[in-house]
Colleague: 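Sharing a structure, written as structure tokens. Questions coming.
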Amino acid sequence: MVGSVRTGNDEPPALQVYRIVAGAIARGAFGAGSRLPPERELSSRVGVSRATLRVALRALADDGLVEARQGRGWHVTAMVEEGEEMPLSFTEIAAARDLRASAEVLEQDTRTATIDEAEQLGVAPGSEVFCLDRLRKLDDVPIALASARLPVNLAAAATSLDYTNASLYAALRERCDVHPVRASYVLQAKGVTGREAELLGLDEGESVLVGDYRCFDQLDRTFEIGRITYRGDRYRFRANLRDRRASLPRAVRTRETLSGTKRVG
């Protein structure tokens with residue numbers, strides 16, 4: 001990280017430190033989940049007292065950029081970001097950001113589908129579904145609660161794995177010849193309560209983002225339905241919105257075609 005507090009600057013030193021650290025995070029000098037230098041070293045590098053540094057760090061924590069881990073110092077907040085790519089597993093999203101994904105398996109079994117599940121999955125009533133509920137973590141930090149339902153006739157070869165570290169989507173591709181291609185996704189905010197709050201390390205009423213989804217494979221079959229509940233301070237969803245009635249320059253149209261950009265109108 002380059003930068004130090006300027007004595008002639010009208011901004012308070014703590015605000016300058018905030019901008020220095022936030023800028024370093026934005027440039028990738030500190031990756032998601034990485035540890036910041038110890039306070040003594042960091043305060044020396046930016047040229048302020050440790051008390052001033054802590055004011056800036058607390059402000060960064062309030063804005064969700066860093067977090068204090070008991071006995072392990074300050075870390076850049078581990079965050080999941082989804083956007084306009086093909087459907088990716090939690091494990092794949094984490095790997096793309098140099099984070100380690102893991103899970104606490106809360107439920108893993110097969111049972112008879114409910115009427116609603118059978119309808120959404122396009123299977124006959126009474127068919128078996130594979131149920132997989134997990135507390136998902138990045139670098140051992142709780143991030144989300146994930147609940148997936150898959151038809152056993154498509155996912156049978158993937159039902160017996162240990163999903164503490166295994167990727168469900170990798171198993172589907174390698175064992176079941178099921179390749180995720182697209183997904184429909186509805187995202188909403190709510191206040192967390194009860195067992196969900198406890199598992200995610202939140203207080204009752206804190207914000208979470210709840211995504212209900214339906215995923216389709218290379219044959220356009222529904223292979224998964226589910227819900228994932230993210231801590232509101234650890235999840236970001238990105239999208240491009242445009243009026244599809246408006247014309248775009250040819251170069252932009254070409255880029256959109258090559259990248260598979262979705263249009264929302």
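Heavy atoms only: backbone and side chains are in, while hydrogens, waters and symmetry mates are out.
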Colleague: Does Val129 share a hydrophobic cluster with Leu106, counting links as ILVMFWY side-chain heavy atoms below 4.5 Å and allowing steps through other members?
Modeller: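 No; Leu106 is not reachable from Val129 via cluster members.
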Colleague: Side-chain donor-acceptor pair under 3.5 Å between Arg214 and Ser184, yes or no?
Modeller: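 No, no side-chain donor-acceptor contact under 3.5 Å.
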Colleague: Ile228 and Leu145: side-chain contact (heavy atoms from CB on, under 4.5 Å), yes or no, with the steps?
Modeller: CA-CA 6 Å; Ile228 185 161; Leu145 289 166; over 6 Å; no
Colleague: Mind jotting down which residue pairs meet the side chain to side chain donor-acceptor pair (under 3.5 Å) criterion with at least one end in residues 118-128? Sequence neighbours excluded, please.
Modeller: none
Colleague: With a 4.5 Å cut-off on side-chain heavy-atom distances among I, L, V, M, F, W and Y, is there a chain of contacts connecting Leu209 to Tyr213?
Modeller: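 Leu209 and Tyr213: one cluster.
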Colleague: Are side-chain heavy atoms of Arg111 and Cys131 found at a separation under 4.5 Å?
Modeller: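 Touching, per the 4.5 Å side-chain cut-off.
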Colleague: Does Ser160 have any side-chain contact (heavy atoms from CB on, under 4.5 Å) partners at least two apart in sequence or in another chain, and if so, which?
Modeller: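 side-chain contact (heavy atoms from CB on, under 4.5 Å) list for Ser160, sorted by chain: empty.
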Colleague: Is Leu42 close to Arg50 at the side-chain level, that is, under 4.5 Å between some pair of heavy atoms?
Modeller: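 Not touching, per the 4.5 Å side-chain cut-off.
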Colleague: State which residue, out of Gln108, Glu107, Glu104, fulfils the side chain to side chain contact (heavy atoms under 4.5 Å, CB included) condition with Asp133.
Modeller: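 One option only clears the test, and that one is Glu107.
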Colleague: Can you tell if the side chain of Tyr185 reaches within under 4.5 Å of the side chain of Leu187, non-hydrogen atoms only?
Modeller: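 A side-chain contact under 4.5 Å exists here.
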Colleague: Take Leu135 and Leu200 through the side-chain contact (heavy atoms from CB on, under 4.5 Å) test and state the conclusion after the steps.
Modeller: CA-CA 8 Å; Leu135 173 63; Leu200 290 172; 4.0 Å; yes
Colleague: Are Leu154 and Leu172 grouped together when hydrophobic residues (ILVMFWY) are joined by side-chain heavy atoms under 4.5 angstrom apart?
Modeller: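 Yes: a chain of side-chain contacts under 4.5 Å links Leu154 to Leu172.
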Colleague: For Arg58 and Trp74, work out which heavy atoms get closest and say how close.
Modeller: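 Looking at all heavy atoms of both residues, the closest pair is N-CH2, 4.3 Å.
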Colleague: Quick one about Ser102 and Asn165 (side-chain donor to acceptor, distance below 3.5 Å, no hydrogens or angles considered), yes or no?
Modeller: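 Note: Asn165 and Ser102 side chains miss the donor-acceptor criterion.
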Colleague: With a 4.5 Å cut-off on side-chain heavy atoms, are Pro37 and Arg45 touching?
Modeller: yes
Colleague: To the nearest 0.5 Å, tell me how far His75 NE2 sits from Asp139 CG.
Modeller: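 Going from NE2 on His75 over to CG on Asp139, the span is 8.0 Å.
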Colleague: Under a 4.0 Å N-O cut-off, is there an ion pair linking Arg182 with Asp220?
Modeller: yes
Colleague: Minimum heavy-atom separation for Ala101 and Arg136, please, with both atom names.
Modeller: CB-NH2, 4.3 Å
Colleague: Taking all non-hydrogen atoms of both residues, which atom of Leu36 and which atom of Val76 are closest, and how far apart?
Modeller: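 Heavy-atom minimum between the residues: CD2-CG2, 4.1 Å.
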Colleague: So which atom in Ala56 and which in Ala14 form the shortest heavy-atom distance, rounded to 0.1 Å?
Modeller: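 Scanning both residues completely, I find the closest heavy atoms to be CB-O, 3.4 Å.
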Colleague: At their closest point, which heavy atom of Phe216 faces which heavy atom of Thr222, and how far apart are they?
Modeller: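 Heavy atoms of Phe216 and Thr222 come nearest at CE2-OG1, 3.3 Å.
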Colleague: Given the rule that I, L, V, M, F, W and Y join up when any side-chain heavy atoms are under 4.5 Å apart, are Leu199 and Leu132 in one cluster?
Modeller: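 No, Leu199 does not connect to Leu132 through the hydrophobic network.
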Colleague: Looking only at non-hydrogen atoms, find the nearest pair between Asp140 and Pro142 and report the distance.
Modeller: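 Reported closest heavy-atom pair: O-CD, 3.7 Å.
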Colleague: Does Arg54 have more than 12 heavy atoms from other residues, nucleotides or ligands lying within 6.0 Å of its CZ?
Modeller: yes
Colleague: Using a 4.5 Å cut-off on heavy atoms from C-beta on, say whether the side chain of Asp212 contacts that of Gln188.
Modeller: yes
Colleague: May I ask you to test the Ile225-Glu117 pair for a side-chain heavy-atom distance under 4.5 Å?
Modeller: yes
Colleague: Are side-chain heavy atoms of Glu196 and Lys190 found at a separation under 4.5 Å?
Modeller: yes
Colleague: Evaluate the criterion side-chain contact (heavy atoms from CB on, under 4.5 Å) for residue pair Val192 and Leu202; output intermediate values, then yes/no.
Modeller: CA-CA 8 Å; Val192 71; Leu202 298 173; 4.0 Å; yes
Colleague: Can you check side-chain hydrogen bond (donor to acceptor under 3.5 Å, both in side chains) on Asp162 and Thr164, steps first, answer last?
Modeller: CA-CA 6 Å; Asp162 178 4; Thr164 301; 2.7 Å; yes
Colleague: Evaluate the side-chain contact (heavy atoms from CB on, under 4.5 Å) criterion for residues Glu224 and Leu150: first the C-alpha distance (whole Å), next the side-chain angles of each, then the deciding distance (0.1 Å), finally the verdict.
Modeller: CA-CA 5 Å; Glu224 180 190 18; Leu150 300 90; 4.1 Å; yes
Colleague: Using the rule that Ile, Leu, Val, Met, Phe, Trp and Tyr join whenever any side-chain heavy atoms are under 4.5 Å apart, tell me whether Val152 and Leu161 fall into a single cluster.
Modeller: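 Same hydrophobic cluster.
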Colleague: Taking the ring of Phe223 and the ring of Tyr169, is the distance between their centroids below 6.0 Å?
Modeller: yes
Colleague: If only atom types and distance count, is the side chain of Ser43 paired as donor or acceptor with the main-chain N or O of Glu39 below 3.5 Å?
Modeller: yes
Colleague: About how many Å separate CG of Asp177 and CG of Leu219, when rounded to the nearest 0.5 Å?
Modeller: 8.0 Å
